[in-house]
Amino acid sequence: MRVTIGEGPVDLSAILDAVADGAHGAAVLFVGSVRRAPEDGPVAAIEYTAYEAMVREEGQRILDEAVERWPGLIVRLHHRVGVVPRGQPSIAVAASTGHRPDAFDAARWVVDEAKRRLPVWKREQFDDGSARWRENADGAPPLDTV
Amino acid sequence: MRVTIGEGPVDLSAILDAVADGAHGAAVLFVGSVRRAPEDGPVAAIEYTAYEAMVREEGQRILDEAVERWPGLIVRLHHRVGVVPRGQPSIAVAASTGHRPDAFDAARWVVDEAKRRLPVWKREQFDDGSARWRENADGAPPLDTV
Amino acid sequence: MVCRFFGRYAEAIGREAVTVRIPDGASVRDVVARLREAVEDASCLPDRPLVAVNRMHVLPKHVVQAGDEVAFLPPLAGG
Amino acid sequence: MVCRFFGRYAEAIGREAVTVRIPDGASVRDVVARLREAVEDASCLPDRPLVAVNRMHVLPKHVVQAGDEVAFLPPLAGG
């Protein structure tokens, strides 16, 4: 399973190990975490919900497209759902290739596409117990409108 | 110590953990490993030697320059020396920032500069016991000549 | 046809799925109009919501078929 | 002044460091010429080797001083 989704802490080592390959000299791991920057307010946690079956299918389409773009690429994607406390990872992407530019390019492309296309939503939970739905600021539509 | 060099397996989790920060939503870990691709011949291991004091100083200059370019960046660099069996990591760079494009850009820049500027040499060891010095194919000079 | 709602849409409509009857040849756009008319609080759906049919993103002009799973997706926020 | 050799240079020259006397105002280029003349097998050094002075990369025109640590670096191969 190259795309996984689930509750609980993300096992980053397992994701990175899964892309190890004797012929691949370069691996890139991206980790997105729940952050608490001044401009975000006092975020205590983010609750992620997802259309899980579609996350798996659309995620697999993203990875298949990545392998078409970077032949030989080995790639994994995990998205955590449920309540993710601040500081903890919510998404991880690992990619390995023969040479490093491709590993960087592929990992970045997959992360960008995942953010753009995966049906996942987040509800920020604040220190005072309040909560609000939050959209991605950089969200381009998953399909170009015609 | 933001730049480390040493023998023995690279502790990737420690390097990634070292760049964790509550205000940083994005972390990128690059791992370069000894590979055995058909075009490289039957590489069993690579022996890395280094001018260690300079690796630390030049490595620190690279990281300082990266922080100037990407303010707020948290970054770590480790280079393994000694005999590294194939499949095992020889270099790791971790970078974290508030947003993901910077984490990718900074990690990539540091890896490129490390390859270009760190005084490290490698001697490939083949299955038959032979060995040869190997230069980086993509090595630009560490200083632009005038 | 099963229509599923997620995130703030599910919250506003107060349910996660409804079953509606749609004429042959109806587009996603037609389904949106039908829902707004037939389902209480479905007015929270924008004119052109993100929609997935059978777990694939589609455009508003996409023609639906009996048995399709039509999902209404609030603005995405993964990562 | 201490001159250090690494990698294939150390292997070819058969030692990792030599101490040489250099006149005031000598450049890295002058040090290379002096070594080729004074040190056996230092002919393995190219005309313009990579050189670091006090653990910083320098150009051939760089002027060295007494007490400097001058390192001759074969083509780099880190990573």
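Treat the numbers as computed from the prediction; the structure is a model and nothing was measured. Lettering follows sequence order; numbering is per chain, from 1.
- Highest contact tally toward chain A, considering only Arg8(C), Glu11(C), Arg4(C), is held by Arg8(C) [criterion: heavy-atom pairs under 4.5 Å].
- Between Arg134(A) and Ala77(C), the shortest heavy-atom contact is O-CB, 3.1 Å.
- The parts of Ala53(A) that come within reach of chain C are both its backbone and its side chain, each placing non-hydrogen atoms under 4.5 angstrom from that chain.
- Between Ser90(A) and Gly79(C), the shortest heavy-atom distance links the atoms OG-O, 3.2 Å.
- Within a 6.0 Å sphere centred on CD of Gln60(A), other residues, nucleotides and ligands contribute more than 12 heavy atoms.
- Interatomic distance, CG of Leu76(C) versus CG of Asn136(A), reported as 8.0 Å (0.5 Å rounding).
- In this structure a side-chain-to-backbone donor-acceptor pair under 3.5 Å is missing from Tyr51(A) to Phe5(C).
- Side-chain N or O atoms of Trp133(A) include none that pairs as donor or acceptor with a backbone N or O of Gly7(C) at under 3.5 Å.
- Using a 4.5 Å cut-off between heavy atoms, Leu73(C) touches chain A through backbone and side chain atoms alike.
- Of all non-hydrogen atoms in Ala52(C) and Met54(A), the two that sit nearest each other are CB-SD, 3.4 Å.
- Of the two parts of Arg123(A), only the side chain, counted from C-beta on, holds a non-hydrogen atom closer than 4.5 Å to a non-hydrogen atom of chain C.
- Around the CD atom of Glu37(C), the shell of radius 6.0 Å holds more than 12 heavy atoms that belong to other residues, nucleotides or ligands.
- By the neighbour-count criterion of 12 heavy atoms within 6.0 Å, atom CG of Asp24(C) is sparsely surrounded, having that number or fewer from other residues, nucleotides or ligands.
- Paired with Arg55(C) under the rule salt bridge (Lys or Arg N to Asp or Glu O under 4.0 Å), one option of Glu58(A), Glu57(A), Glu52(A) passes, and it is Glu57(A).
- Contact check for Arg61(A) versus His57(C): no side-chain heavy atoms found under the 4.5 Å cut-off.
- Heavy-atom distances place the backbone of Ala50(A), and not its side chain, under 4.5 Å from chain C.
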